[in-house]
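Heads up: the structure comes next, in structure tokens.
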Amino acid sequence: MIKVCKFTDCHDELVRALEENNILFTDEECLQRCDLCHSCAFVKKDEEYIHADDVKELIEILKANN
């Protein structure tokens, strides 16, 4: 399951992109990775943190790994 931190700088854009691409996710209060939260687009998938420079790149990574 993909988890999105509610505090990430790109939260709204990321959630919109996940929904548009029919990628299931949950909104979490905090994922304990403030370093990623304020520097790039990221999600937690299972126990792995996946990040990219922007939301579009992150979505491409998630689609390729699905």
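Throughout, numbering of the chain's residues begins at 1 and tracks the sequence.
Summarising the geometry of I61 relative to H51, their closest heavy-atom pair is CD1-O, 4.0 Å, with the distance given to 0.1 Å. The shortest non-hydrogen separation linking M1 to F25 is SD-CA, 3.9 Å. For the residue pair A17 and V55, the shortest heavy atom distance occurs at CB-CG1, 3.6 Å. When all heavy atoms are compared, the tightest approach of A52 to C40 is O-CB, 3.2 Å. Heavy atoms only, all atoms of each residue included: I2 and V43 are closest at CG2-CB, 3.7 Å.
Around the CG atom of N65, the shell of radius 6.0 Å holds more than 12 heavy atoms that belong to other residues, nucleotides or ligands. Heavy atoms from other residues, nucleotides or ligands lying under 6.0 Å from NZ of K6 number more than 12.
Remark: the backbone N or O of S39 is not paired with any side-chain donor or acceptor of D9 at under 3.5 angstrom. Here the side chain of N21 pairs no donor or acceptor atom with the backbone of I23 at under 3.5 angstrom.
A search for side-chain contact (heavy atoms from CB on, under 4.5 Å) contacts involving K3 returns T26, E28, L31, K44, not counting sequence neighbours. Contacts of N22 classified as side-chain hydrogen bond (donor to acceptor under 3.5 Å, both in side chains), with partners at least two apart in sequence or in another chain: none.
Here the SG atom belonging to C10 is positioned 7.5 Å from the CG atom belonging to L58, to the nearest 0.5 angstrom. From F7, atom CZ reaches atom NE2 of H38 across 9.0 Å, with rounding to the nearest 0.5 Å.
Geometrically, R33 does not engage F42 in a cation-pi contact, judged by NZ or CZ lying under 6.0 Å from the ring centre and within 45° of the ring axis.
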*asked:* For I59 and E20: C-alpha separation, side-chain torsions, deciding distance, then whether side chain to side chain contact (heavy atoms under 4.5 Å, CB included) applies.
replied: CA-CA 10 Å; I59 294 297; E20 288 172 356; over 6 Å; no
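Note: the hydrophobic cluster containing L14 also contains I50 (ILVMFWY, side chain heavy atoms under 4.5 Å, direct or indirect links).
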